[in-house]
Amino acid sequence: MSPARLARVLAMPTLALLLSTAAVCAQEGEPMRAPLPPQRPFDLDIEGTPKLPPIVVPPPTPRASAPDTPMTAASEETPPATPAPETPVAEATPPQPGEPDDDEGVEWPKLTPGQKAGAEPDFDPNEKAERPGISTDPGTSIACLPEQLKQILGRIADKYGAVKVTSTWRPPWRARRGSYHKGCQAMDFRVPGVRPRVVLEWVRAMSDVGGHHVYWNGLIHIDTGPRRPW
């Protein structure tokens with residue numbers, strides 16, 4: 001037997017003994033070290049292809065400070081603007097003595113068909129009062145009237161038994177310029193079944209009656225303005 005073969009034969013029992021010993025150790029639960037993988041370089045350590053230039057962050061540029069603005073002397077300051085004087089609101093000019101209250105609107109024709117100028121105002125001699133005393137048309141109130149006009153209404157109702165008030169306060173878009181109706185200082189009324197001129201002749205004899213007029217449709221106007229007929 002050659003020496004090499006003899007060495008192999010002698011080595012076989014030794015290898016078998018080592019393997020059996022490793023199996024026994026593994027069975028007894030002793031730790032065994034596994035072989036480590038070959039070491040490789042970290043990815044970031046590998047240089048790029050082509051190699052990238054380094055990133056350079058420029059330092060912040062200092063801002064130039066604005067020159068200080070010198071304070072303006074007190075004598076050079078602009079004086080405050082003087083407010084313009086307020087213009088007083090023009091109030092409604094009441095009618096002057098001899099001027100009409102101008103209550104006849106466009107919805108009131110001057111005369112009825114067939115009526116002549118200066119004729120007796122229209123009225124119904126057979127009209128009966130709805131109730132005795134003072135009554136009003138729908139939508140009309142005497143609450144805003146001054147005491148002067150309320151007392152005149154009371155005297156008329158005492159004399160004729162009844163009086164019908166048709167208009168007191170009127171909004172600006174319904175009243176004419178300077179009308180006393182805008183301030184509830186005027187009233188229009190009629191006495192059912194009585195001639196309007198007869199009623200007006202008796203009413204204007206009162207000292208506290210201001211403007212007074214009878215319209216073509218039989219309505220009588222009285223206000224608290226200057227005493228004046230038209």
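Both backbone and side-chain heavy atoms feed into the values below; hydrogens, waters and symmetry mates do not.
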Query raised in the report: Is there a donor in the side chain of Thr224 and an acceptor in the side chain of Gln185, or the other way round, less than 3.5 Å apart?
Result: yes
Query raised in the report: Mind checking whether Arg155 and Leu153 have side chains closer than 4.5 Å, heavy atoms only?
Result: no
Query raised in the report: To the nearest 0.5 Å, what is the distance between CG (Asp223) and SG (Cys184)?
Result: 12.0 Å
Query raised in the report: Can you check whether Gly193's main-chain N or O pairs, donor with acceptor, with Arg190's side chain at less than 3.5 Å?
Result: no
Query raised in the report: Rounded to the nearest 0.5 Å, how far apart are OG of Ser167 and NE2 of His221?
Result: 9.5 Å
Query raised in the report: Does Lys150 reach the side chain of Met187, with side-chain heavy atoms less than 4.5 Å apart?
Result: no
Query raised in the report: Distance-only, no hydrogens or angles: does the His212 side chain make a donor-acceptor pair with backbone N or O of Arg204 under 3.5 Å?
Result: no
**Report entry** Minimum-distance pair of heavy atoms, taken over all atoms of Ala162 and Pro132
**Finding:** CB-CA, 4.3 Å
Query raised in the report: What's the verdict on side chain to side chain contact (heavy atoms under 4.5 Å, CB included) for Ile152 and Phe189, showing C-alpha distance, side-chain angles and the deciding distance?
Result: CA-CA 11 Å; Ile152 294 175; Phe189 63 92; 5.8 Å; no
Query raised in the report: What's the spacing between Ile134 CD1 and Ile142 CD1 if we round to 0.5 Å?
Result: 5.0 Å
Query raised in the report: Is there a side-chain contact between Val198 and Tyr160, using heavy atoms and a 4.5 Å cut-off?
Result: yes
Query raised in the report: Can you tell if the side chain of Val194 reaches within under 4.5 Å of the side chain of Phe123, non-hydrogen atoms only?
Result: no
Requested in this report: Give a yes or no on whether the backbone of Lys182 and the side-chain of Trp169 come within a donor-acceptor separation of less than 3.5 Å.
Outcome: yes
**Report entry** Asp188 side chain reached by Lys164 side chain, heavy atoms, under 4.5 Å
**Finding:** no
Report task. Using a 4.5 Å cut-off on heavy atoms from C-beta on, say whether the side chain of Thr166 contacts that of Thr140. Result -> no
Report task. Mind listing the closest non-hydrogen atom pair of Val163 and Ala157 along with its distance? Result -> CG1-CB, 4.1 Å
Requested in this report: Could you please spell out the steps behind the side chain to side chain contact (heavy atoms under 4.5 Å, CB included) verdict for Cys144 and Thr168?
Outcome: CA-CA 8 Å; Cys144 65; Thr168 54; 4.2 Å; yes
Query raised in the report: What are the two closest heavy atoms between Pro192 and Lys128, and how far apart are they?
Result: CB-C, 4.1 Å
Query raised in the report: Closest heavy-atom contact between Pro196 and Val214?
Result: CB-CG2, 3.5 Å
Query raised in the report: Does Val165 offer a backbone N or O that forms a donor-acceptor pair with the side chain of Thr136 under 3.5 Å?
Result: no
Query raised in the report: Just by modelled atom types, is the Pro226 backbone N or O under 3.5 Å from a matching donor or acceptor in the Arg228 side chain?
Result: yes
**Report entry** Flag if over 12 foreign heavy atoms under 6.0 Å of CD, Glu147
**Finding:** yes
Query raised in the report: What distance do Gln151 atom CD and Met206 atom CE have between them, rounded to the nearest 0.5 Å?
Result: 10.5 Å
**Report entry** Sub-4.5 Å side-chain heavy-atom contact between Pro121 and Arg197
**Finding:** yes
